[in-house]
Amino acid sequence: MANPFYSGTVAVIGLGYIGLPTAVVLASRGVRVIGVDLNPVTVERVGRGEIPFFEPDLATSLSGAVALGNISATMETPVADAYIIAVPTPITPDEQADMSHVFAAAAALAPQLRPGAIVVLESTSPPGTTEELSRTLAAARPDLTFPDDVNDSPDIYIAHCPERVLPGRLMVELVENNRVIGGLTPECAERAAEIYRVFCRGEIQLSDATSAEMAKLAENSYRDVNIAYANELSMICDKLGLDVWEIVKMANHHPRVNILQPGPGVGGHCIAVDPWFLVGAAPEEAVLIRTARMVNDGKPLHVVQQIRKSAGRFREPVVACLGLSYKANVDDIRESPAVEIVAALAEQEPATTILVSDPMLSRLPASLASFPNLTLVKAQDAIAAADIVALLVDHNQFRTLSRKLLEGKVVLDTRGIWR
Ligand code: SAJ
């Protein structure tokens, strides 16, 4: 049955962590969705109704949408009534926003645009990107009119709708979270909102595109700065021989204090990346944001030093490193501090045996596979053989491990779950 709120066809460009769940949630509500991805394996798997990565509830929703016949996948950008661009926006090695995927998607969709189409950019982007996207599309299609100061009823409508969903809770948060939709004109925001009203039960706030871009960056930078504060406290406490977890717990009893949890560093494709877009947009002003990034980026090295210090007392040390993903209960290793720690340790301590365990992963990531002193094993086996146990990710399986296994071991619990 077609959706009563939106009857058009939506092409979702990029079938990754955000694009695929968005495509699925639209399709399962009766919208005809065409998923587009450059990766033939992803296209083939999605077409068959198989998820290319793990996310709770995604598999059942995808197979339901495929069974309804509402979702298909292709490598070619099709003609559609609406386009949602959800491609990666990483940073370059010198921390500049890499917008090449967004503009490659724009180049592929430009020839397909028909009057009345809506283009929504979901990818997290530096302020001004949606305006630039519009100018790029306008240059490619001089036969069409685009939204600008003089044209408030253009052929093409363009908006930015940043995603806000938390990996691990994507399918719930996609539906329940509030959203910001920033249009290049108010009419653009309203047109884009028609699509999101299909599945979003949260409040939809309408704004302009650059403010929406900025709001998203402000959210993730807020989180990064607050985690940096917790991480800095943990390094101060290490130096002073204090238990940071106890300190944070006590401090959080104050009615206006809510310190986040220290960890081995900040990973993932969002919080470890997006604040750099603000630093790039205003390098002289973004002092706190840049410093927070550096504190969080420095934390894995601090953990490596702690492990090496403990290893110094053993002749042939065996270290168990528990967890590789960037956070608990996901299989995503992008920007993972745990991977960085394990790689640095393997490189700096070639005589140390490193046993790695992660219940979310069936094999070592490519960046770790070539170290001769590193093996992926079950957690119990890693702990049993280890002198030192470094807990890097707070997966549920590690929380429930018997503490008896840890007796007689040097334990470095970077997540504070075994206290
Ligand atoms: N972390 C800590 N201590 C904490 C909380 C998190 O060390 O107290 C670490 C995690 O272990 C992880 C990193 O920070 O390495 C980020 O994890 P996260 O769960 O805080 O966030 P992400 O990156 O999974 O998702 C974030 C979310 N943004 C905010 O919470 C402001 C999500 O809503 C966004 O949609 C997502 O970024 C994104 O795609 O931008």
Side-chain angles (χ1 to χ4, degrees), residues 6-16 18-20 22-23 26-27 31-44 46-47 70-90 97-126 128-163 181-185 187-196 198 209 212-213:
Y6 189 75
S7 56
T9 300
V10 179
V12 178
I13 302 171
L15 294 175
I18 300 303
L20 182 57
T22 305
L26 278 166
V31 175
R32 174 88 194 96
V33 177
I34 306 165
V36 185
D37 203 284
L38 294 174
N39 184 336
V41 179
T42 300
V43 166
E44 199 199 315
V46 170
N70 284 341
I71 189 167
S72 59
T74 165
M75 290 175 71
E76 308 294 331
T77 306
V79 172
D81 300 300
Y83 297 87
I84 294 178
I85 302 176
V87 295
T89 49
D98 172 0
M99 304 307 290
S100 56
H101 301 292
V102 169
F103 288 97
L109 76 79
Q112 309 293 31
L113 287 173
R114 301 290 181 269
I118 310 166
V119 180
V120 183
L121 176 64
E122 275 218 20
S123 311
T124 306
S125 300
T129 304
T130 310
E131 287 179 357
E132 196 186 335
L133 176 68
S134 177
R135 287 193 294 273
T136 305
L137 293 173
R141 291 297 303 271
D143 56 316
L144 296 171
T145 57
F146 285 79
D148 56 31
D149 294 341
V150 286
N151 197 345
D152 59 2
S153 66
D155 289 331
I156 307 297
Y157 298 88
I158 300 182
H160 181 55
C161 181
E163 56 85 9
I181 300 184
L184 287 186
T185 62
E187 173 73 4
C188 292
E190 191 43 58
R191 295 271 174 134
E194 283 170 16
I195 303 170
Y196 288 88
V198 166
E213 288 160 346

Chemist: Look up atom OG in Ser134 and atom CD1 in Ile158, then write down how far apart they are to the nearest 0.5 Å.
Modeler: 3.5 Å
Chemist: Just by modelled atom types, is the Ala139 backbone N or O under 3.5 Å from a matching donor or acceptor in the Arg141 side chain?
Modeler: no
Chemist: What is the distance from atom CG of Asp81 to atom CZ of Arg32, rounded to the nearest 0.5 Å?
Modeler: 11.5 Å
Chemist: Kindly indicate, with the supporting measurements, whether the criterion side-chain contact (heavy atoms from CB on, under 4.5 Å) is fulfilled by Tyr196 and Ile84.
Modeler: CA-CA 11 Å; Tyr196 288 88; Ile84 294 178; 3.7 Å; yes
Chemist: Taking all non-hydrogen atoms of both residues into account, name the closest pair between Ala110 and Ala140 and its distance.
Modeler: CB-CB, 3.7 Å
Chemist: Of all the heavy-atom pairs spanning Pro78 and Gln112, show the shortest one and how long it is.
Modeler: O-CB, 3.6 Å
Chemist: Taking the side chain as C-beta and beyond, is there a heavy-atom pair between Val119 and Leu113 under 4.5 Å?
Modeler: yes
Chemist: Excluding sequence neighbours, so at least two apart, what forms salt bridge (Lys or Arg N to Asp or Glu O under 4.0 Å) with Glu190?
Modeler: Arg197
Chemist: Report yes or no: does Ser123 contribute a side-chain atom to a donor-acceptor pair with the main-chain N or O of Val87 at less than 3.5 Å?
Modeler: yes
Chemist: Identify the two heavy atoms, one from Asn70 and one from Ala27, that lie closest to each other, and give their separation to 0.1 Å.
Modeler: ND2-O, 3.0 Å
Chemist: Does the side chain of Tyr83 reach to within under 4.5 Å of the side chain of Val36, using non-hydrogen atoms?
Modeler: no
Chemist: Give a yes or no on this: more than 12 heavy atoms of other residues, nucleotides or ligands lie within 6.0 Å of atom CG of Leu38.
Modeler: no
Chemist: Would you give the length of the straight line joining atom OG1 of Thr129 to atom CD1 of Ile85, rounded to the nearest 0.5 angstrom?
Modeler: 11.0 Å
Chemist: I'd like to know if the side chain of Asp37 and the backbone of Thr42 have a donor-acceptor N/O pair within less than 3.5 Å.
Modeler: no
Chemist: Could you give the distance from OG1 (Thr124) to CD1 (Ile18), rounded to the nearest 0.5 Å?
Modeler: 8.0 Å
Chemist: Would the distance check show the side chain of Asp155 and the main-chain N or O of Pro115 forming a donor-acceptor pair, the cut-off being under 3.5 Å?
Modeler: no
Chemist: Once you round to the nearest 0.5 Å, how far does CZ of Phe146 lie from CD1 of Ile156?
Modeler: 5.0 Å
Chemist: Can you confirm whether Met75 sits close enough to Pro40 that some side-chain heavy atom of one is under 4.5 Å from a side-chain heavy atom of the other?
Modeler: yes
Chemist: When you measure from the side chain of Glu213 to the backbone of Gly128, do you find a donor-acceptor pair of N or O atoms at a distance under 3.5 Å?
Modeler: yes
Chemist: So does Ile118 get a backbone contact from the side chain of Arg191, meaning a donor-acceptor N/O pair under 3.5 Å?
Modeler: no
Chemist: State, to 0.1 Å, how close Gly35 and Leu15 come at their nearest heavy-atom pair, and which atoms those are.
Modeler: CA-CD2, 3.7 Å
Chemist: Take Thr89 and Met99 through the test side-chain contact (heavy atoms from CB on, under 4.5 Å) and record every step on the way to the result.
Modeler: CA-CA 6 Å; Thr89 49; Met99 304 307 290; 3.7 Å; yes
Chemist: Calculate, to the nearest 0.5 Å, the distance between atoms CG and CD1 belonging to Leu109 and Ile13 respectively.
Modeler: 4.5 Å
Chemist: What closest approach, in Å, do Ala73 and Gly47 show between heavy atoms, and which atom pair accounts for it?
Modeler: CB-N, 4.2 Å
Chemist: Hey, mind stepping through Ser153 and Glu187 against side chain to side chain donor-acceptor pair (under 3.5 Å) and telling me if it holds?
Modeler: CA-CA 8 Å; Ser153 66; Glu187 173 73 4; over 6 Å; no
Chemist: Looking only at heavy atoms, what is the nearest atom pair of Ala82 and Ile195, with distance?
Modeler: CB-CD1, 3.5 Å
